[in-house]
Engineer: 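Before I ask anything, here is the structure I am working with.
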Amino acid sequence: MAGKTILDAGCGPGLYAAELTARGARVVGFDLSPRMVQLCRERVPEGDFRVHALGDPIEWLADGAADLALCALALEHVADRVGALRELRRVISPAGALVLSVQHPVGNWLRHGGSYFETRMISETWNLGLQVTYWIMPMETICEEVHQAGFVIERLLEPRPTAEAARREPDRYEVLAREPSGFLALRLRPA
């Protein structure tokens, strides 16, 4: 990561930005939440972070300005995911890549039921009464949107719990070890 410019799209409180900076990267990023951007700036004062919506054009970055981009568990909160991915594609250098994580579509289907093949919006109340809205879709739709945005999937991972998780929370480990209820991680390259 040393010397690379990394875009952290949907940076949250800066956990990834801190790790990337510790590895020598220059990190620029954004989040829709002013509070998350504030926390990110406090955690990574040498970074460049601003309030910005993932679905909006990233006008403050030139074409190919980032060597790599990261978008962790944020894309499913955007209605025009293809447009957001195209904009990320624009700001990544031709030799770059996007590391993307999204909620696992099978996990979403197990939690919410209905047709696995239907793309639909879900609204939930999370911790502390936080209202969250996001899109769920089948794997085919995720792959097609990636393709429409000008990327190819270089690698796809379905993370599983570690042996340490089995010792700490055996009941949750048992479920997570057999059901894809977490997320997908994809490494995307410009086509």
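Here the structure is a predicted model, which means the values were calculated and not measured. All values below come from the heavy atoms of this structure, side chains included, with hydrogens, waters and symmetry mates left out. Position 1 is the first residue of the sequence, and the numbers go up from there.
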Engineer: Check whether Val78 and Leu184 end up in the same hydrophobic cluster, where Ile, Leu, Val, Met, Phe, Trp and Tyr are linked by side-chain heavy atoms less than 4.5 Å apart.
Structural biologist: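 Yes; tracing contacts between hydrophobic side chains, which count when under 4.5 Å, links both residues.
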
Engineer: Mark yes when over 12 heavy atoms from residues, nucleotides or ligands other than Arg120 sit less than 6.0 Å from its CZ; otherwise mark no.
Structural biologist: yes

Engineer: Determine whether Gln131 and Glu124 make a side-chain contact, defined as any pair of heavy atoms from C-beta on separated by less than 4.5 Å.
Structural biologist: no

Engineer: Can Ile6 be reached from Val99 by stepping across I, L, V, M, F, W or Y side chains whose heavy atoms are under 4.5 Å apart?
Structural biologist: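 Cluster IDs for Val99 and Ile6 match.
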
Engineer: Nearest 0.5 Å please: distance from the NE2 atom of His77 over to the CG atom of Leu32.
Structural biologist: 10.0 Å

Engineer: Taking all atoms of both residues into account, what is the closest heavy-atom pair of Thr133 and Ser123, and its distance?
Structural biologist: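 Looking at all heavy atoms of both residues, the closest pair is OG1-OG, 3.2 Å.
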
Engineer: Just how far is it from atom CG of Leu70 to atom CZ of Arg187, taken to the nearest 0.5 Å?
Structural biologist: 11.5 Å

Engineer: Working note: Leu186 + Ser101, criterion side-chain contact (heavy atoms from CB on, under 4.5 Å); need CA distance, chi angles, decisive distance, verdict.
Structural biologist: CA-CA 6 Å; Leu186 303 101; Ser101 64; over 6 Å; no

Engineer: To the closest 0.5 Å, what do you measure between CG (Leu7) and CG (Leu68)?
Structural biologist: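 Going from CG on Leu7 over to CG on Leu68, the span is 10.0 Å.
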
Engineer: If you look at every heavy atom in Phe151 and Pro190, which pair is closest and at what distance?
Structural biologist: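 The pair with the smallest heavy-atom distance is CD2-N, 3.8 Å.
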
Engineer: If every non-hydrogen atom of Gly12 is compared with every non-hydrogen atom of Cys40, which pair is closest and at what distance?
Structural biologist: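 Taking every non-hydrogen atom into account, O-CB, 3.6 Å.
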
Engineer: Between Arg35 and Gln38, is any side-chain donor less than 3.5 angstrom from a side-chain acceptor?
Structural biologist: yes

Engineer: Checking the side chain of Arg26 only, and the main-chain atoms of Gly47 only, is there a donor and an acceptor separated by less than 3.5 Å?
Structural biologist: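 A pair under 3.5 Å: no.
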
Engineer: Give me the atom names and distance for the closest heavy-atom approach of Ala65 to Leu61.
Structural biologist: CB-CD2, 4.2 Å

Engineer: Is there a side-chain contact between Ile142 and Pro105, using heavy atoms and a 4.5 Å cut-off?
Structural biologist: yes

Engineer: So which pairs with a foot in residues 3-14 pass side chain to side chain donor-acceptor pair (under 3.5 Å), sequence neighbours left out?
Structural biologist: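 Qualifying pairs, neighbours excluded: none.
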
Engineer: If you group Ile, Leu, Val, Met, Phe, Trp and Tyr by side-chain heavy-atom gaps below 4.5 Å, do Met121 and Leu110 land in one group?
Structural biologist: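 Met121 and Leu110: one cluster.
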
Engineer: So Ile58 and Leu88, side-chain contact (heavy atoms from CB on, under 4.5 Å) or not? Walk me through it.
Structural biologist: CA-CA 8 Å; Ile58 309 169; Leu88 292 173; 4.0 Å; yes

Engineer: Looking at side-chain heavy atoms only, is the closest gap between Asp63 and Val91 below 4.5 Å?
Structural biologist: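 The answer is no; the side chains never approach within 4.5 Å.
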
Engineer: Do Leu98 and Phe183 share a hydrophobic cluster, counting only Ile, Leu, Val, Met, Phe, Trp and Tyr and linking them when any side-chain heavy atoms are less than 4.5 Å apart?
Structural biologist: no

Engineer: At what distance, to the nearest 0.5 angstrom, does CD of Glu118 lie from OG1 of Thr141?
Structural biologist: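 If I round to the nearest 0.5 Å, the distance is 10.5 Å.
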
Engineer: Apply side-chain contact (heavy atoms from CB on, under 4.5 Å) to Met137 and Glu145, showing your working.
Structural biologist: CA-CA 11 Å; Met137 67 219 64; Glu145 290 178 352; 3.9 Å; yes

Engineer: How about CZ on Arg168, more than 12 heavy atoms from neighbouring residues, nucleotides or ligands closer than 6.0 Å, or not?
Structural biologist: no

Engineer: Within 45 degrees of the ring normal and closer than 6.0 Å to the centroid, is that where the cationic atom of Arg81 sits relative to Trp135?
Structural biologist: yes

Engineer: Can you give me the closest heavy-atom contact between Val51 and Pro34, atom names plus distance?
Structural biologist: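 Closest pair (atom of Val51, atom of Pro34, distance): CG2-CA, 3.7 Å.
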
Engineer: Counting N and O atoms only, with roles assigned by atom type, does the side chain of Arg160 sit under 3.5 Å from a partner on the main chain of Glu158, one being a donor and the other an acceptor?
Structural biologist: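 Yes, Arg160 side chain to Glu158 backbone: donor-acceptor pair under 3.5 Å.
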
Engineer: Kindly list each side-chain donor-acceptor pair under 3.5 angstrom involving residues 14-21, sequence neighbours excluded, with atom names and distances?
Structural biologist:
from: Glu19; atom 1: OE2; to: Arg23; atom 2: NE; distance (Å): 2.7
from: Glu19; atom 1: OE2; to: Arg23; atom 2: NH2; distance (Å): 3.1
from: Thr21; atom 1: OG1; to: Ala17; atom 2: O; distance (Å): 2.8

Engineer: Under the rule for ring pair (Phe, Tyr, Trp, His ring centres under 6.0 Å), what residues qualify as partners of His52, not counting sequence neighbours?
Structural biologist: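 With sequence neighbours excluded, His52 shows a ring pair (Phe, Tyr, Trp, His ring centres under 6.0 Å) to Phe30, Trp60, given in chain and number order.
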
Engineer: When you measure from the side chain of Trp109 to the backbone N and O of Gly114, does any donor-acceptor pair fall under 3.5 Å?
Structural biologist: yes

Engineer: Could you measure the distance from the CG atom of Leu130 to the OG1 atom of Thr125? Nearest 0.5 Å is fine.
Structural biologist: 8.5 Å

Engineer: With a 3.5 Å distance limit and no angle check, can you tell me whether Arg50 reaches the backbone of Asp31 through a side-chain donor-acceptor pair?
Structural biologist: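 Judged by distance alone, no pair lies under 3.5 Å.
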
Engineer: Would you compute the distance between atom CD of Glu179 and atom CD of Glu174 and round it to the nearest 0.5 angstrom?
Structural biologist: 9.5 Å

Engineer: Please report the shortest heavy-atom distance between Ala74 and Gly10, naming the atom on each side.
Structural biologist: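 Heavy atoms only, the tightest pair is CB-CA, 4.3 Å.
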
Engineer: Regarding Arg111 and Gln103, is there a side-chain donor-to-acceptor distance under 3.5 Å anywhere?
Structural biologist: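 The criterion, which ignores hydrogens and geometry beyond distance, is satisfied for Gln103 and Arg111.
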
Engineer: With hydrophobic residues grouped by side-chain heavy-atom distances under 4.5 Å, do Leu85 and Leu73 end up in a single group?
Structural biologist: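 Different hydrophobic clusters.
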
Engineer: Please lay out, stage by stage, how Val44 and Arg41 fare under the test side-chain contact (heavy atoms from CB on, under 4.5 Å).
Structural biologist: CA-CA 5 Å; Val44 187; Arg41 286 175 177 158; over 6 Å; no

